[in-house]
Enquirer: 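Below is a structure I'd like to ask you about.
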Amino acid sequence: RSFRSHGILRTDRERPPRASAKIGIHHLSDVRRSRRTDSGNQYTNPRTQVQIENIERAAHLIASAEALIIAVGAGMGVDSGLPDFRGNDGFWKAYPALAKAHIDFYSIACPDAFVSNPRRAWGFYGHRLNLYRDIVPHAGFDILKSWGDSIHHGYTVFTSNVDGQFQKAGFDARDVREYHGSIHHL
């Protein structure tokens, strides 16, 4: 079944023609040449061979796909410079006042925080909102968008991130599903 028949992809606008098989690996031959030994036949590391084969396979699958589902989590934001909220180290570096008070992410990012200490909760969310507004999405967003734009039926993004980086990077908001919501609106 197609994505269209399940209502996952929007069909109310035109999409660019299908991509060529070169998606994302323009320089793969350069990578191959740099990994060969003096004999020219063997890779210096067997893992390198497997990695290159995996990249080739992924590029082929993307190039031959009718649609692209981009499913991402915190790693996309961390690579842009946002703190990692899974552990206290990244979180407390971004919010030193909360580190000093020994307050973890889960204690401040919940409705109870607005009851127990509304000033601290609003301060946390205000600081976090400003951090998200100031961050510049990294180049990986552009790569994913160009892949999605070049595929016949386009892309849909499913993300647990609340930072709005996909929209900031130029993704159509109608094609971004933020399943934890967004910090930018209620």
Side-chain angles (χ1 to χ4, degrees), residues 1-4 6 8-10 15-94 104-105 128 131-132 134-173 175-180 182:
R1 297 179 140 185
S2 71
F3 292 112
R4 183 179 289 170
H6 288 289
I8 293 174
L9 291 175
R10 303 188 70 81
R15 291 288 187 179
R18 171 170 258 172
S20 72
K22 292 185 176 182
I23 290 181
I25 58 165
H26 316 278
H27 307 290
L28 184 59
S29 59
D30 295 336
V31 171
R32 272 198 180 133
R33 280 193 297 274
S34 70
R35 299 294 187 195
R36 292 183 190 236
T37 62
D38 292 335
S39 69
N41 295 325
Q42 300 294 318
Y43 292 101
T44 57
N45 181 339
R47 286 186 174 179
T48 302
Q49 171 68 31
V50 171
Q51 291 168 343
I52 289 174
E53 288 171 3
N54 287 339
I55 291 169
E56 288 175 329
R57 186 172 44 238
H60 173 73
L61 290 171
I62 292 168
S64 61
E66 291 190 25
L68 181 64
I69 295 176
I70 302 168
V72 300
M76 286 294 284
V78 169
D79 287 347
S80 292
L82 292 174
D84 178 5
F85 295 117
R86 296 286 182 211
N88 284 333
D89 290 337
F91 172 71
W92 281 349
K93 284 178 188 171
D104 66 15
F105 176 75
R128 191 172 171 202
L131 180 69
Y132 289 175
D134 291 342
I135 204 74
V136 175
H138 61 80
F141 287 92
D142 294 333
I143 292 168
L144 290 172
K145 185 168 184 325
S146 70
W147 289 350
D149 285 343
S150 66
I151 293 174
H152 181 66
H153 292 293
Y155 62 84
T156 297
V157 176
F158 291 92
T159 181
S160 61
N161 298 342
V162 299
D163 53 35
Q165 283 196 81
F166 280 96
Q167 295 88 331
K168 196 172 185 180
F171 284 76
D172 189 324
D175 293 323
V176 178
R177 308 293 184 266
E178 298 167 308
Y179 57 86
H180 285 178
S182 173

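Keep in mind that what you see is a predicted model, and the values were worked out from it rather than measured.
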Enquirer: Report the distance from atom CD of Gln49 to atom CG of Asn54, rounding to the nearest 0.5 Å.
Expert: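 Answer rounded to 0.5 Å: 10.0 Å.
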Enquirer: Minimum heavy-atom separation for Lys145 and Gly170, please, with both atom names.
Expert: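 Looks like CE-O, 2.7 Å.
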Enquirer: Just jot down the side chain to side chain contact (heavy atoms under 4.5 Å, CB included) partners of Asp134, sequence neighbours excluded, or say none.
Expert: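 In terms of side chain to side chain contact (heavy atoms under 4.5 Å, CB included), with neighbours along the sequence ignored, Asp134 is linked to no residue.
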Enquirer: Distance from Thr156 atom OG1 to Asp172 atom CG, nearest 0.5 Å?
Expert: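 Answer rounded to 0.5 Å: 10.0 Å.
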Enquirer: Check whether Asp163 reaches the backbone of Gln165 with its side chain - one donor and one acceptor, N or O, closer than 3.5 Å.
Expert: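 Yes, because the side chain of Asp163 sits within donor-acceptor range (under 3.5 Å) of the backbone of Gln165.
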Enquirer: Going by side chain to side chain contact (heavy atoms under 4.5 Å, CB included), name the residues that satisfy it together with Leu131, two or more places apart in sequence or in a different chain.
Expert: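 Listed in chain order: Leu82, Pro83, Tyr95.
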Enquirer: Of the non-hydrogen atoms in Met76 and Gly140, which two are nearest, and what is the gap between them?
Expert: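 Closest pair (atom of Met76, atom of Gly140, distance): CE-C, 4.5 Å.
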Enquirer: Between Asn161 and Gly73, is there a donor-acceptor pair closer than 3.5 Å when you use the side chain of the first and the backbone of the second?
Expert: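 Side chain of Asn161 to backbone of Gly73, a donor-acceptor pair under 3.5 Å: yes, one is there.
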Enquirer: Quick one: pull up NE2 in His60 and CD1 in Ile62 and give me the separation to the nearest 0.5 Å.
Expert: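 That separation rounds to 11.0 Å.
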Enquirer: With rounding to the nearest 0.5 angstrom, report the CG to CG distance, Asp149 to Leu68.
Expert: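 Reported to 0.5 Å precision, the distance equals 10.0 Å.
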Enquirer: Residues two or more places apart in sequence or in another chain: which of them pass ring pair (Phe, Tyr, Trp, His ring centres under 6.0 Å) with Phe141?
Expert: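 Counting only residues at least two positions away or on another chain, Phe141 forms a ring pair (Phe, Tyr, Trp, His ring centres under 6.0 Å) with His138, Phe166.
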Enquirer: Which pair of heavy atoms, one from Ile70 and one from Leu144, lies closest together, and at what distance?
Expert: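 Of all heavy-atom pairs spanning Ile70 and Leu144, the closest is CG2-CD1, 3.9 Å.
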Enquirer: Roughly how far, to the nearest 0.5 Å, is the NE2 atom of His153 from the CD atom of Glu66?
Expert: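 If we round to the nearest 0.5 Å, Glu66:CD and His153:NE2 are 5.0 Å apart.
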